[in-house]
There are 2 protein chains.
Amino acid sequence: MKTSDDQILKAYRLRSTASRSDILRLFVQRGYALSYSDIEKEISSTYDRVTVYRTLKTFVDKGVVHKVLDNEGVLKYALCNDHCSHTEHHHEHTHFKCLRCGHTECISDANIPAVVLPKGYQAREFNLLIQGICPKCE
Amino acid sequence: MKTSDDQILKAYRLRSTASRSDILRLFVQRGYALSYSDIEKEISSTYDRVTVYRTLKTFVDKGVVHKVLDNEGVLKYALCNDHCSHTEHHHEHTHFKCLRCGHTECISDANIPAVVLPKGYQAREFNLLIQGICPKCE
DNA sequence: GTAACTGCAAAATATTTGCATCCTT
DNA sequence: AAGGATGCAAATATTTTGCAGTTAC
C-alpha cells in the first residue's frame, strides 16, 4: 500500500520501508518537532531503538527533517518544509516553542530582520528560537 | 588565596570551593561557551565528573552561567554578562558561533529587531544563534 | 557546629557499532 | 542479484543518584 509518506520517501530517493513510513507519518500527523524519545515512546515496541536512531540520521542527512534546538538543550527534529528542503540555500530558520504545551514548530514565514553585529563578525546563517504562547494554548 | 573568581562566587552567594573557582576561571579565561566535555577535558583529572556536572547545574540555577545551544544540538554554557545576570527580565539572547574555530560567544549588544509572527502567536523570549566567521578567524 | 560540597560507586540513560539476516529496487 | 535496511547483542558515552566523609562559613 502506497501512502503519501511513501511519496515523500521516494521524492528524497529513500527506500520505502515500514519504519521510515511510520516515523515519517508521525511527523506529519503531529505537525511539531519531535525528539528521539518522543518517537521512541510511540514506536519502540514496533521498531528497534537502533533503527529509530538510524532512520533519524538518514532523514537529517537527506534533508527530510532538520534539527531543532529546544530551549532546554533537547535536540528535536522537524519536517522540512518547502523553504528548507531540496536546497541548501536557506540561511535562516525560525522556530516557535509554546511555553504551555511545549510543542515546537517551524515558522517559515517569519523573516528575521537584519541584526546589527559588532564589527568584524560576518553572519552566514540565522537560527531563531522564539518562546511564547501558541494560538492553540492562548 | 582569594581570586577574582571568588569574588564572583561571593556575589552569587555561592560557597567558594576549589572546583567552582577552577571551573569559573576556565570560563573567564576562554571567553566563549564551553560544553561539559570541554570542561571535563581540562579538569576531569582534578575533579570528579559528578562534581563538574553538579557545579554546572549550580551555576545555571544561580545565574552564573546560562545555557547556550549549539547548532549541532550540543549544550554549552556561557558566563552571564551584565545583561543577563541578576535579573530574570532579559528576554533575548544572541549567540554567535564561528564556523571556523567553532567557538560560541554571547553577543550582548546585538539587539534582535521585531519579528513578525503569524497571527495568534505571542512571543515572550528570543534566542538567536548566528553562525558565521568571527573577527579572529577572518 | 551545621549545612553544603565532594568523591566514589553504581545505577540509569542515551547513543553507537558490528554483524548476520532480510527486504526494496 | 545486490546494495541497503533492520534487529540483536554488546560496547561506549552521558548523566544522575545515594551515601559517607570533608569543608566553608
Side-chain angles (χ1 to χ4, degrees), chain A residues 1-26 33-65 67-77, chain B residues 1-26 33-65 67-77:
Chain A
M1 182 194 96
K2 290 286 175 190
T3 72
S4 65
D5 309 299
D6 295 302
Q7 314 276 317
I8 299 178
L9 289 174
K10 184 168 288 183
Y12 285 96
R13 306 197 178 180
L14 287 171
R15 288 193 180 180
S16 151
T17 65
S19 62
R20 287 177 178 174
S21 288
D22 283 351
I23 293 176
L24 194 49
R25 186 174 310 118
L26 202 56
L34 302 172
S35 66
Y36 164 78
S37 68
D38 290 335
I39 295 166
E40 193 189 33
K41 275 171 204 149
E42 302 271 346
I43 52 181
S44 73
S45 49
T46 315
Y47 304 108
D48 192 82
R49 277 191 299 286
V50 178
T51 299
V52 177
Y53 276 112
R54 288 198 271 229
T55 300
L56 284 173
K57 179 168 287 185
T58 301
F59 281 1
V60 171
D61 289 346
K62 298 292 181 175
V64 182
V65 304
K67 292 181 176 179
V68 182
L69 297 171
D70 196 77
N71 60 319
E72 288 304 309
V74 179
L75 183 59
K76 296 186 173 182
Y77 303 86
Chain B
M1 183 191 95
K2 291 287 174 189
T3 72
S4 66
D5 308 300
D6 295 303
Q7 314 274 317
I8 298 177
L9 290 174
K10 184 168 287 184
Y12 283 97
R13 308 199 177 179
L14 287 172
R15 289 193 181 180
S16 153
T17 66
S19 61
R20 286 176 179 174
S21 289
D22 282 353
I23 293 175
L24 194 47
R25 187 174 310 119
L26 201 56
L34 302 172
S35 66
Y36 164 78
S37 67
D38 290 335
I39 295 167
E40 194 190 31
K41 276 173 203 148
E42 301 269 346
I43 52 182
S44 74
S45 48
T46 314
Y47 304 108
D48 194 81
R49 277 191 299 286
V50 179
T51 299
V52 177
Y53 276 112
R54 286 198 271 229
T55 299
L56 284 172
K57 179 168 287 186
T58 301
F59 281 0
V60 171
D61 289 346
K62 298 292 181 176
V64 183
V65 303
K67 292 180 179 179
V68 182
L69 298 172
D70 196 79
N71 60 320
E72 287 305 310
V74 178
L75 183 59
K76 297 187 174 183
Y77 302 86

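Below, chains carry the letters A, B, ... as their sequence lines are ordered, and counting in each starts from 1.
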Asker: Could you please name the option among C:dT17, D:dT16, C:dG7 that lies closest to any side-chain atom of B:K57?
Answerer: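 That would be D:dT16.
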Asker: Base of D:dG7, side chain of A:R54 - is there a donor-acceptor contact under 3.5 Å?
Answerer: yes
Asker: So among A:K10, A:R20, A:R25, which one has a side-chain hydrogen bond (donor to acceptor under 3.5 Å, both in side chains) with A:D5?
Answerer: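 So the option named by the test is A:R25.
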Asker: For A:K62, I'd like to know if atom NZ has over 12 heavy atoms of other residues, nucleotides or ligands within 6.0 Å.
Answerer: no
Asker: Whole Å only: how far is the CG atom of A:D61 from the P atom of D:dG4?
Answerer: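 Distance check: A:D61 CG to D:dG4 P gives 14 Å.
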Asker: C:dT24 P sits how many Å from A:R15 CZ, rounded?
Answerer: 9 Å
Asker: Which whole-number value in Å describes the distance from A:L56 CG to C:dT16 C1'?
Answerer: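 Rounding to the nearest Å, CG of A:L56 and C1' of C:dT16 are 14 Å apart.
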Asker: How long is the line joining CD1 of A:I23 and P of D:dT6, in whole Å?
Answerer: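 So the CD1-P distance, A:I23 to D:dT6, works out to 8 Å.
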Asker: With respect to the phosphate group of C:dC23, does any side-chain polar atom (N or O) of A:T17 fall under 4.0 Å of OP1 or OP2?
Answerer: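 Result: no.
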Asker: Which residue lies toward the 5' end of DNA chain C, B:A18 or B:V50, if each is placed at its nearest nucleotide?
Answerer: B:A18
Asker: Which is it for A:D38 and A:S35 under the side-chain hydrogen bond (donor to acceptor under 3.5 Å, both in side chains) test, yes or no, and what are the steps along the way?
Answerer: CA-CA 5 Å; A:D38 290 335; A:S35 66; 3.1 Å; yes
Asker: In whole angstrom, what separates B:Y12's OH from D:dC25's P?
Answerer: 17 Å
Asker: I want to verify a distance call: between C:dT17, D:dT6, C:dT15, whose nearest atom is closest to the A:Y53 side chain?
Answerer: C:dT15
Asker: Carefully, step by step, assess B:S16 and B:D6 under the rule side-chain hydrogen bond (donor to acceptor under 3.5 Å, both in side chains).
Answerer: CA-CA 6 Å; B:S16 153; B:D6 295 303; 2.6 Å; yes
Asker: What integer distance in Å separates B:I39:CD1 from D:dT15:P?
Answerer: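 My rounded result for the distance is 11 Å.
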Asker: What nucleotide among D:dT16, C:dT15, D:dC25 has an atom nearest to a side-chain atom of B:S16?
Answerer: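 Comparing D:dT16, C:dT15, D:dC25 against the side chain of B:S16, the answer is D:dC25.
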Asker: Once you round to the nearest 0.5 Å, how far does CD1 of A:I8 lie from CZ of A:F59?
Answerer: 9.0 Å
Asker: Please tell me which of B:Y36 and B:L14 maps to the more 5' nucleotide of DNA chain D, matching each residue to the nucleotide holding its nearest heavy atom.
Answerer: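 Result of the comparison: B:Y36.
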Asker: Once you round it to whole Å, what is the distance between C1' of C:dT13 and CD of A:E40?
Answerer: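 Going from A:E40 (CD) to C:dT13 (C1'), I get 10 Å.
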Asker: Using OP1 and OP2 only, check whether a side-chain N or O of B:R49 sits under 4.0 Å from D:dT14.
Answerer: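 So the side-chain polar atoms of B:R49 never come under 4.0 Å of the phosphate oxygens OP1 or OP2 of D:dT14.
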Asker: Just the rounded figure in Å: distance from P of D:dA5 to CG of A:D22.
Answerer: 16 Å
Asker: Taking any heavy-atom pair under 4.0 Å as a contact, classify B:S19: base, sugar-phosphate, or nothing.
Answerer: sugar-phosphate
